[in-house]
Protein chains: 2
Amino acid sequence: MPIRVFRAMLPVFFSVLVVPLTAQDIKWHDIKPLGVEGRGFDKTSVFFDRLPAAAEKLVRSPVWSLSRHSAGMCVRFVTGATTLHARWTLRSERLAMPHMPATGVSGVDLYVRDNRGRWRWLACGRPTQFPTNSVRLVTGIPAGRREFLLYLPLYNGVTAVEVGTPAGTSLDKAPARPASHRKPILFYGTSITHGACASRPGMPHPAILGRRFERPVINLGFSGNGRMEIELADLLATLDPVVYVLDCLPNMDARAVARRVEPFVHRLRKSRPKTPILLVEDRSYADSFLVTSKRKRNLDSRRALKAAWDNLKKAGVGGLHYLEGEHLLGDDGEATVDSSHPTDLGFVRQAEAFARVLGPILKATE
Amino acid sequence: MPIRVFRAMLPVFFSVLVVPLTAQDIKWHDIKPLGVEGRGFDKTSVFFDRLPAAAEKLVRSPVWSLSRHSAGMCVRFVTGATTLHARWTLRSERLAMPHMPATGVSGVDLYVRDNRGRWRWLACGRPTQFPTNSVRLVTGIPAGRREFLLYLPLYNGVTAVEVGTPAGTSLDKAPARPASHRKPILFYGTSITHGACASRPGMPHPAILGRRFERPVINLGFSGNGRMEIELADLLATLDPVVYVLDCLPNMDARAVARRVEPFVHRLRKSRPKTPILLVEDRSYADSFLVTSKRKRNLDSRRALKAAWDNLKKAGVGGLHYLEGEHLLGDDGEATVDSSHPTDLGFVRQAEAFARVLGPILKATE
């Protein structure tokens with residue numbers, strides 16, 4: 001029964017498409033030498049880790065575990081191939097979560113620069129097994145060299161990722177970004193930053209914003225564990241982003257906000273006196289219009305963040321920016337799967353709200 | 001590792017919330033006597049089937065299998081309970097699909113009428129096991145009688161669904177819809193109508209439109225199998241909806257469109273001379289800007305549907321309406337998970353496009 005229904009689910013696809021290539025016809029290209037964007041740290045234990053090996057002794061164990069997810073990492077490359085494959089090896093056999101599909105948790109996601117120079121979604125690599133998946137991403141695109149962007153899994157780690165092209169075709173590193181757009185946007189946050197519950201790795205707001213502003217993005221979202229502990233400030237301070245986005249309120253109560261935000265920002269400012277810092281309020285729980293305790297939690301956390309912001313301003317800390325949470329996910333209550341985590345609908349709305357404040361900040365740095 | 005990460009994923013929730021009720025404190029209410037909306041046919045083999053038992057011999061076997069999914073069914077009820085539970089028993093152990101989470105495939109989804117009379121999302125019941133799931137949907141809402149709306153699984157069948165309230169509380173059938181809004185909107189279509197790949201059962205466009213227009217909805221989407229076979233016209237003709245929405249192009253090529261649309265509409269018109277019929281073009285494949293074969297498929301199918309439409313008009317068939325497919329999912333290419341199936345983002349956009357043409361049709365019937 002499951003198999004039968006799944007087959008029925010397949011679209012009535014075109015017999016006109018190309019005969020599938022067999023394994024020996026594919027040339028595999030390891031993405032590591034192509035330059036992986038979104039890796040903040042070089043000295044990692046596994047190449048696709050999000051924190052340096054040394055962090056294992058500094059951060060709480062869940063933060064360390066979660067840092068081994070490849071959230072936010074991607075690779076840009078150029079090829080004239082008209083068929084593209086992906087092969088990637090996962091670290092955890094949990095391919096999906098009950099409220100987030102395997103495509104988002106453990107899949108890869110391909111974009112291409114269109115003839116107007118904008119990134120357009122092209123194909124998602126669907127994981128169906130553990131540890132290695134090998135899929136044909138796209139075929140039958142017109143001849144011509146193009147720039148592609150492939151995102152890695154959000155809630156799983158990877159040990160190897162390769163792009164496949166037909167034997168005899170080449171695949172090259174993409175041109176470096178212009179100097180004005182080389183510094184990454186750094187997002188530090190919770191499961192929402194981490195990417196729950198996007199349908200594909202290209203859909204969390206950090207990824208959308210990276211495409212929109214043509215910037216590398218470092219995603220340091222740690223599901224349930226974005227709590228602004230001081231050791232994270234030290235780790236963040238070793239990086240040199242164009243802006244720090246601090247978005248931890250969904251994992252902190254008002255007391256934690258009152259205790260941790262100011263020291264965290266002061267510590268960051270000590271090492272990075274001029275880098276803009278954007279403080280973000282928690283999005284409204286989608287059920288908070290009726291569930292009193294959740295409404296209270298939103299309001300208390302925001303009040304605490306506003307107080308911290310006022311104190312930081314009074315203390316003369318410059319370069320601070322603020323984004324209110326109330327309307328981050330829109331106003332219809334439809335943008336989450338579980339009141340907390342955005343779907344693609346919520347992420348697109350959230351990206352719009354972030355873009356309105358990030359746009360001017362980034363513009364000022366160019 | 002999977003368990004540890006999953007625990008880390010849980011929000012840092014409020015110790016302030018109520019102590020969980022134990023099983024013996026819950027009073028379970030079978031939803032069947034409350035009146036299930038979206039059931040087109042009474043004489044079904046299993047209560048929650050979407051086609052009558054007699055259809056098993058009339059339709060192809062995949063259509064019959066898929067008709068046993070509870071897509072589009074929901075129940076309205078009224079209660080003053082401040083905590084609500086759901087318990088439902090699934091028919092298939094396939095809880096999720098690789099590109100659609102378990103919450104959408106096999107979950108239940110709760111809305112509540114807010115104090116302005118509009119439906120607002122409130123809670124999703126997350127399936128984690130087979131066959132029976134029992135979850136607390138919501139707790140801690142203010143006292144007061146309210147109307148609720150619970151949607152059933154999209155890509156799974158159910159044999160039993162119950163709503164739980166604290167012992168000693170009552171739960172009643174919701175008031176009947178006003179006479180002007182009693183006839184259902186009938187959607188006949190493909191996997192997209194069926195609900196792939198919504199994150200929750202309340203998010204496919206038929207469900208969104210049902211809430212928006214305050215109408216019952218009958219969802220006859222059959223994944224991969226919405227092909228306008230004449231026996232489906234006969235089945236549809238036995239129903240008396242306010243409008244027929246025919247949205248099968250994603251499962252038909254141009255030849256099938258040319259062969260089947262006109263006879264299907266004529267057959268429907270014979271039994272239902274006055275019911276408005278909305279013909280819908282296929283949505284653009286999200287990769288069709290580059291994948292030539294998919295672009296061609298979109299264009300060929302639409303050309304064939306337009307030709308059928310012209311012929312029907314020439315033949316004097318009245319009450320026909322038409323919805324173009326090009327922009328159903330917006331223009332940024334982000335609204336699907338796999339080029340074909342909308343995410344919640346795509347469904348919200350599609351609902352907007354449908355509402356623009358359905359609004360006037362429905363208005364004219366009131």
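Just so we're on the same page: letters track the sequence lines, and every chain starts at 1. The model shown is predicted, which means the values in this text are computed figures rather than measured ones. The analysis underlying the following values was restricted to heavy atoms, covering all of them including side chains, and did not include hydrogens, waters or symmetry mates.
- Neither the backbone nor the side chain of A:F347 comes within less than 4.5 Å of any heavy atom of chain B.
- When heavy atoms are compared at a cutoff of 4.5 Å, B:V337 approaches chain A by way of both its backbone and its side chain.
- A ring-centre distance under 6.0 Å is not found for B:H194 and B:F222.
- With rounding to the nearest 0.5 angstrom, the CG atom of A:L110 is 5.5 Å from the CG atom of A:L137.
- Ranked by heavy-atom pairs shorter than 4.5 Å toward chain A, the options B:K296, B:M203, B:R120 are led by B:R120.
- No part of A:A96 comes within reach of chain B, as not one of its non-hydrogen atoms sits under 4.5 angstrom from that chain.
- Side chains of B:S199 and A:H99: no donor on one and acceptor on the other come within 3.5 Å.
- For chain A, the nearby part of B:R211 is the side chain; its heavy atoms alone come within less than 4.5 Å.
- For B:Y111, the part lying under 4.5 angstrom from a heavy atom of chain A is the side chain only.
- Contact of A:P142 with chain B is made through backbone and side chain together, with heavy-atom distances under 4.5 Å.
- When heavy atoms are compared at a cutoff of 4.5 Å, A:R146 approaches chain B solely by way of its side chain, counted from C-beta outward.
- The shortest distance between side-chain heavy atoms of A:L329 and A:T336 falls below 4.5 Å.
- Using a 4.5 Å cut-off between heavy atoms, A:D332 touches chain B through its backbone atoms (N, CA, C, O) alone.
- Using a 4.5 Å cut-off between heavy atoms, B:T343 contacts chain A through its side chain alone, with no backbone atom that close.
- Ranking B:V348, B:V138, B:D109, B:L345 against chain A, the residue ahead of the rest is B:L345, based on heavy-atom pairs under 4.5 Å.
- With A:K294 as reference, A:D287 is the one residue of A:D282, A:D287, A:D300 to meet the salt bridge (Lys or Arg N to Asp or Glu O under 4.0 Å) rule.
- Taking 4.0 Å as the cut-off between side-chain N and carboxylate O, A:R297 and A:D253 do not count as a salt-bridged pair.
- Using a 4.5 Å cut-off between heavy atoms, B:S106 does not touch chain A at all.
- A:D338 places none of its side-chain heavy atoms less than 4.5 Å from the side chain of B:R200.
- With values rounded to the nearest 0.5 angstrom, B:N115 atom CG is found 9.0 Å from A:F289 atom CZ.
- Under 4.0 Å is where a charged nitrogen must lie from a carboxylate oxygen, and between A:D344 and A:R349 no such pair does.
- Ranked by heavy-atom pairs under 4.5 Å with chain A, the list B:T292, B:I208, B:L122 is led by B:L122.
- Heavy-atom distances place no part of A:V105 under 4.5 Å from chain B, backbone and side chain included.
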